[in-house]
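All remarks here apply to the structure that follows.
Heavy atoms only: backbone and side chains are in, while hydrogens, waters and symmetry mates are out. Below, chain A is the first sequence line, B the second, and so on; all start at residue 1. If you're wondering where the values come from, they're calculated on a predicted model, not measured in any experiment.
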There are 2 protein chains.
Amino acid sequence: MATENKLFDKYIPVLKNCELFNGMTNEHWRELLVNFHEEKWPKETCMVNHQKFLFHFYIIVSGRIKMYNVDEFSEKEHTLFLLKESDVFDLFCLMDGTRHHVYYECLDNIKVLAIPMDKLKLWLNKNPVYYQHFLSYAGKMMRMLESNVSQLIFTDISTRLLRLLVNNVNSNSKQLEHINDLPNKEIANLIGSTRAVVNRHLQRLKKNGSIKIARKQVEIKDISILLKELENQNKKI
Amino acid sequence: MATENKLFDKYIPVLKNCELFNGMTNEHWRELLVNFHEEKWPKETCMVNHQKFLFHFYIIVSGRIKMYNVDEFSEKEHTLFLLKESDVFDLFCLMDGTRHHVYYECLDNIKVLAIPMDKLKLWLNKNPVYYQHFLSYAGKMMRMLESNVSQLIFTDISTRLLRLLVNNVNSNSKQLEHINDLPNKEIANLIGSTRAVVNRHLQRLKKNGSIKIARKQVEIKDISILLKELENQNKKI
DNA sequence: GAAGTTATGCTACTTAGGTAGTTTGCATTT
DNA sequence: AAATGCAAACTACCTAAGTAGCATAACTTC
């Protein structure tokens, strides 16, 4: 009884921010958290088709994990999602119980709350009200993936890079977050391009004064220039 | 009472083939079908953000409907899904109840079974067992979208076209189905390219003897050549 | 503080795919 | 059967993005 209260008290803000369990009462949280335990994974931990992922469900409480795909022939990587605080995984395995062919890598030192998949399923059957939550969350993910697909088809690398930057500016601090300390290679993986090409575009943005770059560091200097560029990208036929 | 029995008897094979309701008993089908009615939409009917779609859920019983996206600037189209017999839509609206920003167009004369969204939701709440079905179906769709994204990033147009062809060969008849009577433009929309480029690749395939083409007609002549081409595409770095 | 590693910056080159425009041919309509 | 319209075929051209390679800078670690 003490454990789950401790977990809950410790991570209230993170858990409350968890979209999948949006609006869940404290009582239900405590009931669910009985089954959770905390795990720590060091930075750069790489999880390749880990059996464990079929059997556990995780809530990230601190750090970033990239979920990515590797092309078996070209060995190129594509980052599908950059998971962070309050994100959960793997929803896919929860939903249909089959193995999800993706890879995971910790970009920071990670803390997660873990629950055995079958216990989550039991809890869900006991509280079927939350099925609705899960469905609508899945719906949101699908829309995200769908717009992702369209963006890949409709827009060029330069636009995709601009969007990536603009979408990761914290509206309060006006500073780039989540992706600000990634090397060019990781940025390329996020938008489906290569290091050289991303660097070419970043250099252009540096020259027009909108960003500042250093080793593993991108900083926004003038977001209005970025926004203007984005508009022009759209206009040019 | 007569109506839903008639609907069920009329469309047994189609409904039983419906993945979303996979394994549902006849009794449950009859219970659910009470709320359905049949609708016919003529070929080329175009549905643009139809309010109706928020309030109804459809099962296609005959004909094809393309679900597509349009880039507001370039006005290019991208076909997300080619829905056919036994497919359902719009799952997204069912799942989170918000408007789905896509377009629909009937490629054939269409027959659908329609149910008011809230009645489906009521039925689902009465039979929460089926939430699990819906979740796992959504999971499958997500995996599909995900692999779609990766394919766009990892493979070129030529490979995407080859895959499209190979994936739509009926394993019994060995003939191309679903996409065999589409104009080049529609094929282009399916793989995220343009008519001219698709035609260029089709000409190449015609020359190597793997396909036969005519106005709005693609026919497989030798699938082994297509499969060999696909293999080579993968090998070349 | 030397050696090794990783990330960036840049140049030069190649190529697939997009674009534009014209011709040809098939099919529907009147 | 003539006329219209759409789809396909083909040519020529342009460009963004991928590729290869190397020099330099910035961190590690021993």
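For residues 80-92 of chain B, the side chain to side chain donor-acceptor pair (under 3.5 Å) pairs, not counting sequence neighbours, are Asp90(B)-His100(B), Asp90(B)-Tyr104(B). Residue pairs meeting the side chain to side chain donor-acceptor pair (under 3.5 Å) criterion with at least one partner in residues 164-174 of chain A, sequence neighbours excluded, are Asn170(A)-Glu177(A).
Phosphate contact (OP1/OP2 of dG17(C), side-chain N/O of His201(B), threshold under 4.0 Å): present. In terms of phosphate contacts, Ser193(B) brings a side-chain nitrogen or oxygen within less than 4.0 Å of OP1 or OP2 of dG18(C).
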Could you pull out the protein-nucleic contacts involving nucleotides 28-30 of chain C (nitrogen or oxygen on both sides, under 3.5 Å)?
none

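With Arg160(A) contributing its side chain and Gln151(A) its backbone, the two residues share no donor-acceptor pair below 3.5 Å. The backbone N or O of Leu205(B) lies less than 3.5 Å from a partner atom in the side chain of Ser210(B), making a donor-acceptor pair. The backbone N or O of Lys43(B) lies less than 3.5 Å from a partner atom in the side chain of Asn109(B), making a donor-acceptor pair.
Five base pairs at each end of the helix from dG1(C)-dC30(D) to dT30(C)-dA1(D) define two local axes, and these are offset by 50° (rounded to 10°).
The separation between Leu152(B) atom CG and dA17(D) atom P is 15 Å, rounded to whole Å. Spacing between atom CD1 of Ile153(A) and atom C1' of dG18(C) amounts to 14 Å, rounded to whole angstrom units. Between Ile191(A) atom CD1 and dG18(D) atom C1' there is a gap of 13 Å when expressed in whole angstrom units. Residue Arg200(B) contributes atom CZ, which lies 8 Å from atom P of dG18(C) at whole-angstrom precision. Between the CD1 atom of Ile157(B) and the C1' atom of dG18(C) there is a distance of 10 Å, given to the nearest Å. Across the protein-nucleic acid pair, Phe154(B) atom CZ and dA17(D) atom P stand 18 Å apart, rounded to whole Å. Note: NZ (Lys76(A)) to P (dA17(D)) measures 13 Å, nearest angstrom.
Partners of Phe21(B) under the ring pair (Phe, Tyr, Trp, His ring centres under 6.0 Å) rule, at least two apart in sequence or in another chain, are Trp29(B), Phe134(B). With sequence neighbours excluded, the residues forming a side-chain contact (heavy atoms from CB on, under 4.5 Å) with Lys228(B) are Asn232(B), listed by chain and number. For Lys66(A), the side-chain contact (heavy atoms from CB on, under 4.5 Å) partners two or more places apart in sequence, or in a different chain, are Tyr68(A), Glu77(A), Thr79(A), Leu82(A), Glu105(A), Leu107(A), Glu186(A), Asn189(A). Applying the ring pair (Phe, Tyr, Trp, His ring centres under 6.0 Å) rule to Phe81(A) yields no partners; only residues at least two apart in sequence or on another chain are considered. Every residue two or more places apart in sequence or in another chain that forms a side-chain contact (heavy atoms from CB on, under 4.5 Å) with Leu227(A) is listed here: Val166(A), Ile223(A). Partners of Lys111(B) by side-chain contact (heavy atoms from CB on, under 4.5 Å), not counting sequence neighbours, listed by chain and number: Tyr11(B), Glu38(B), Lys40(B), Val61(B), Ser62(B).
Counting only N and O atoms by type, the side chains of Glu229(B) and Asn208(B) include a donor and acceptor under 3.5 Å apart.
Smallest separation of non-hydrogen atoms from Asp96(A) and Gly139(B): OD2-C, 4.1 Å.
Residues from residues 160-168 of chain B lying near DNA chain D, meaning a heavy-atom separation below 4.0 Å, are absent.
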What string of B, S and - do you get for nucleotides 3-10 of chain C 5' to 3' if you count protein non-hydrogen atoms under 4.0 Å? ---BSBBB
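Results of the side-chain hydrogen bond (donor to acceptor under 3.5 Å, both in side chains) test with Asp181(B) over Arg64(B), Gln217(B), Lys216(B) single out Arg64(B) as the only residue that passes.
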